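A quick write-up on the structure given underneath.
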Amino acid sequence: MNTLLKDVFGIFKFAEGLYAGIRKVLVPPKAYSWQTFIYLSVFSWVLSYLATGYIKDIIAFFGWLFLIAGTAWYTTQDPLRVPGTFMPVGAVITGFLVSVFAFGNQQDVITPRTIVFWPTISALITAIPEFIEGSDTDAKARIPKPQDRQRIIILVASSMLLSCWIQFYFVMDHWFQQYPSLQADTFKRSTVVVRTEERVKIPQNGVVILERLQPIVVEQINQTPWSEVEKWLLEAKQRVGTLGRAVIQKSLGKYEEKDLWRIEPRVANTKSGYILDLLSIWIGPSSNLRGYYLKKSCRIEPVAATSNSGNKITVAEIECDRASKLIAGSPPPQQ
């Protein structure tokens, strides 16, 4: 029985200690405290949710200010340092909130600029107290001591360098999204880019252009009177160029690299007809100084046919390669 009573009292004592700890955190010891700012931020966000128009934005603005002030105050009471630096972890948290507040938006709270500026803002927040001396009521600006200036400069410069590398990552990611054909190139000579995935063997956008251009060309040539086909081939540069630009605009409209593809034909005579090469030429950056292009060959030959009136006529028959070929170097000259 005594043991049971001790266990019950122990549970009550634990609950009492837990309640006291929670109360110490949630109930501010005085009006001017970090809890007050946090509660004001929550209150402001509730009001902004109920408000409309520019009043909503003004209330939300003050809500962010209260949250940043309360977080900064709480995390600097007993600062925990980032290993190897004199930067408090609180400055990192406050820097993140400031970055979200400055560069976020309602659609995307965390944007690339939020991540890029985060280290630099955190370093500046860490450095600001070094330029202030005195208490809250009697503070004045000062110049840090020489030994402190060095560590401040190193911290801020290192954070700015980190921001630059993060920005470089987002730039490269944007390039690969808008210019996916770059992934078919090699980065062996690069000192800043390391390929972590298997290299794409052929640029898919170049393949897509030819795959969608081919049926249009086939439709215009196949079973067409031979005399009209020969005239079409004489005007192939203009015709294929116009069709290619339309295909590129329709197929690659969402990519910025659409302006870096050019479509050209090459026509050659054979014993029985013609060879029409459809070229998808990459004019963007490449590790090969002469660039590269993709080719799909079509063989055009005359065949005998019967017209609707029963007369014998000669029409064209066209057959194209199934796959596109990737060729390094400049395309052959026009003939």
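Fair warning: this is a prediction, and the values are worked out from it, not measured in the lab.
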Hey, are the side chains of [X] and [Y] touching, using non-hydrogen atoms and a 4.5 Å cut-off?
X: I209; Y: R212; result: no
X: T314; Y: V303; result: no
X: L213; Y: V240; result: yes
X: L124; Y: V156; result: yes
X: W232; Y: E228; result: no
X: L278; Y: L294; result: no
X: D148; Y: K145; result: yes
X: I263; Y: L243; result: no

Are any of the side-chain nitrogens in [X] or [Y] under 4.0 Å away from the carboxylate oxygens of its partner?
X: D321; Y: K295; result: no
X: K296; Y: E211; result: yes
X: E235; Y: K237; result: no

Residue pair [X] / [Y]: nearest heavy atoms and the distance that separates them:
X: S122; Y: G95; result: OG-CA, 3.6 Å
X: L233; Y: V267; result: O-CG2, 4.2 Å
X: A236; Y: P265; result: O-CG, 3.4 Å

Group every Ile, Leu, Val, Met, Phe, Trp and Tyr by side-chain heavy-atom contacts under 4.5 Å, then state whether I275 and Y293 land in the same group.
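In one cluster: no.
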Taking [Y]'s backbone N and O only, do any of them form a donor-acceptor pair with [X]'s side chain (distance below 3.5 Å, no angle check)?
X: R266; Y: P332; answer: yes
X: S280; Y: L210; answer: no
X: T94; Y: A91; answer: no
X: S99; Y: T114; answer: yes

Tell me whether the centres of the aromatic rings in F103 and F117 are closer together than 6.0 Å.
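Ring centroids of F103 and F117 are less than 6.0 Å from each other.
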At what distance, to the nearest 0.5 angstrom, does CZ of F170 lie from CD of Q177?
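Rounded to the nearest 0.5 Å, the CZ-CD separation comes to 10.5 Å.
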Option passing side chain to side chain donor-acceptor pair (under 3.5 Å) with Y179 (candidates H174, E256, K258)
E256
Working note: N222 + E317, criterion side chain to side chain donor-acceptor pair (under 3.5 Å); need CA distance, chi angles, decisive distance, verdict.
CA-CA 5 Å; N222 198 42; E317 188 176 77; over 6 Å; no
Is the closest side-chain donor-acceptor distance between E230 and Y274 under 3.5 Å?
yes
Under 3.5 Å, is there a donor-acceptor pair linking the side chains of T120 and S159?
no
Which of parallel (below 30°), tilted (30 to 60°) and perpendicular (above 60°) describes W282 and Y292?
parallel
